[in-house]
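Let me begin by presenting the structure, written as structure tokens, before commenting on it.
Here the structure is a predicted model, which means the values were calculated and not measured.
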Amino acid sequence: MKKTNLLLTLLFFTQLLQAQTLTGHYKQHAGQELSLTGFNYYKSTTLGTAKADSSGFFIINYPKGYKGMAILNAQDQANLVLALTQDSIQLKGTHLNAIDRLEYINSKENTQFLNYAQAQGVRSNALSAINYLLSLYNNRQDLATSKIFLETLTQEKERLNQQDTNFLNGLDQDSYLRWFIPLRKLVQETPVVAQTETERIPEAIAQFRTIDFNNKNFKNSGLLEGLITGHYDLLQSMEQPLDRIATQMNLSTQYLIDNLQDNDEVLNVVSSELFHYLEARSLFEASEYLSVSLLNNSQCALTDDLLAKLESYRKLKVGAYGPDIQLNGTEKLSAIKTYKLLVFGASWCPNCKNEALELLKQYDTWQAKNIEVVYISLDTEESAFKTAYNNAPWKTFCDYQGWDTQAAKDYYISGTPSYFLLDANNKIVLRPSSVAHAKAWIAQHLK
């Protein structure tokens, strides 16, 4: 018995040495399960769990060495964002959602973060109202005469922004928050800039292209996906021709590659997720640029999984020959000796349905130009396939294997709808991003 107790004691202290602790006391969460969720680049991960006792007290041990942001989740769906920047953190309150009663016993950074978040919420609302008024008064001649009011609004905007700057300047030089808050603010503001403050788009783009993505704080920050996805969403929202948007995307992609080329771990994570993002949105020109740039960069050590994704653009770039497809028992794609738009779609894909309507509008015109449409469905259920495509005027094929369809593998399909415009010999002449893109090319080149 004594030996057993000694082993248990040693095990307990060993766990403590290998963990950091989060202690809390919340009466209204008594008896509830609580979990602590952290981040690993793009992924979230459970750091630890505990059950609060009858008084609401709990202790969660989480991995030693974890430094970054986390979310404390309660069984009743309440949650609290935390900065895990020290070995032991103590919380006290009534409920996770009752921020006004929250107390950090020994965490200066979490107290600072809480104070900042509350103040910034008020400032953000005020700034949104001021920006709206400024736009209104600047764009209406009958209001623009109120010069004094406009000056007052501008001064108040500057004052509020200065408050934010003053807070950051008041933090310790090595404070995690000094690094985290400006980037979190960029993530939060990017959608607003894209939708209502478009005059700030150049500023937001320039800010993104100064970020050092090598900073080790990114791993556990939960910021990486929001920063990169938000930035490319912003670029997509610009009211510019598609070729200019693609150019801007390529500039940002090149910045990421150059910035991370000596950091294989993060480069592989970012490139893989960005490739998936671009492919899922049919931004093929941008995903081709990403692929070719990475494959041609001898300093980039890429994982086998990422290489397999990128190779699709080495093998299936414009000018290459698309793999032949056995469409049914007797017919092959190569037997269709005309231009053909090869489409990969599925009945369960909402965008495929919308694009199919556009395809229907163009089909007769294309038929008159001797252009065929070949539709490869990734459906797995025969009834769904037949309901969706039985009345389609173009050639439609399905083997009910879904993503395991051989044609989908041969053409490296990772999202639907996907398009390839082939000539009579299966040579790839265009990788359209949409039916509209194919329409424009055909109208210009196949008169």
Can E288 and E285 be said to form a side chain to side chain contact (heavy atoms under 4.5 Å, CB included), step by step? CA-CA 5 Å; E288 179 176 1; E285 187 173 345; 5.6 Å; no

Row check, F284 ring normal vs R431 NZ/CZ: under 6.0 Å, within 45°: yes

Distance-only donor-acceptor check, side chains [X] and [Y], under 3.5 Å:
X	Y	value
K92	Y26	no
H231	S252	yes
N166	Q162	yes
S347	D379	yes
T253	Y232	yes
N250	Q254	no
T85	E109	yes
N61	Q20	no
S175	D172	no
E355	Y419	yes
N131	K157	yes
Y41	N220	no

Matching residue for T37 among N73, T45, T49 - test: side-chain hydrogen bond (donor to acceptor under 3.5 Å, both in side chains): N73

What is the distance from atom [atom1] of [X] to atom [atom2] of [Y], rounded to the nearest 0.5 Å?
X	Y	atom1	atom2	answer
T190	K185	OG1	NZ	11.5 Å
E273	K43	CD	NZ	8.0 Å
Q163	L168	CD	CG	12.0 Å
Q75	L34	CD	CG	8.0 Å
L283	I245	CG	CD1	9.0 Å
L310	L290	CG	CG	6.0 Å

Heavy-atom side-chain proximity of [X] to [Y] below 4.5 angstrom:
X	Y	result
I71	L36	no
I325	L342	yes
L327	I376	yes
F167	Q112	yes
L267	F213	no
I201	L235	no
I211	F218	yes
P323	L316	yes

Spell out, as yes or no, whether a donor-acceptor pair under 3.5 Å connects the side chain of [X] to the backbone of [Y].
X	Y	answer
H29	A52	no
D399	T405	no
S124	Q120	no
H25	S55	yes
T247	D243	yes
D53	A30	no
T396	A392	no

Identify the heavy atoms of [X] and [Y] that sit nearest to each other, and give their distance.
X	Y	result
A126	L160	CB-CD1, 3.8 Å
L47	A70	CD1-CB, 4.2 Å
D410	D324	OD2-O, 4.4 Å
T303	N268	N-OD1, 2.8 Å
S107	Q86	OG-OE1, 3.4 Å
N169	R178	O-NH1, 3.5 Å

[X] [atom1]: over 12 foreign heavy atoms closer than 6.0 Å:
X	atom1	answer
L242	CG	no
Y132	OH	no
E239	CD	no
Q326	CD	yes
R244	CZ	no

Determine whether Y66 and N40 satisfy the following criterion, side chain to side chain donor-acceptor pair (under 3.5 Å), listing intermediate values before the conclusion. CA-CA 10 Å; Y66 183 94; N40 184 4; over 6 Å; no

Please lay out, stage by stage, how F397 and Y375 fare under the test ring pair (Phe, Tyr, Trp, His ring centres under 6.0 Å). CA-CA 6 Å; F397 302 92; Y375 202 104; over 10 Å; no

Flag the pair R200 and E189 as a salt bridge only when some basic side-chain nitrogen lies within less than 4.0 angstrom of an acidic carboxylate oxygen. yes

Given the rule in the side chain to side chain contact (heavy atoms under 4.5 Å, CB included) test, do N125 and R123 qualify, once you have shown the distances and angles that lead to the verdict? CA-CA 5 Å; N125 289 336; R123 283 197 294 268; over 6 Å; no

With a 6.0 Å cut-off on ring centres, are F420 and Y411 close enough? yes

Check against side chain to side chain contact (heavy atoms under 4.5 Å, CB included), V318 and V429: CA-CA 5 Å; V318 172; V429 297; 5.5 Å; no

Could you please spell out the steps behind the side chain to side chain contact (heavy atoms under 4.5 Å, CB included) verdict for E199 and V193? CA-CA 8 Å; E199 72 281 357; V193 171; over 6 Å; no

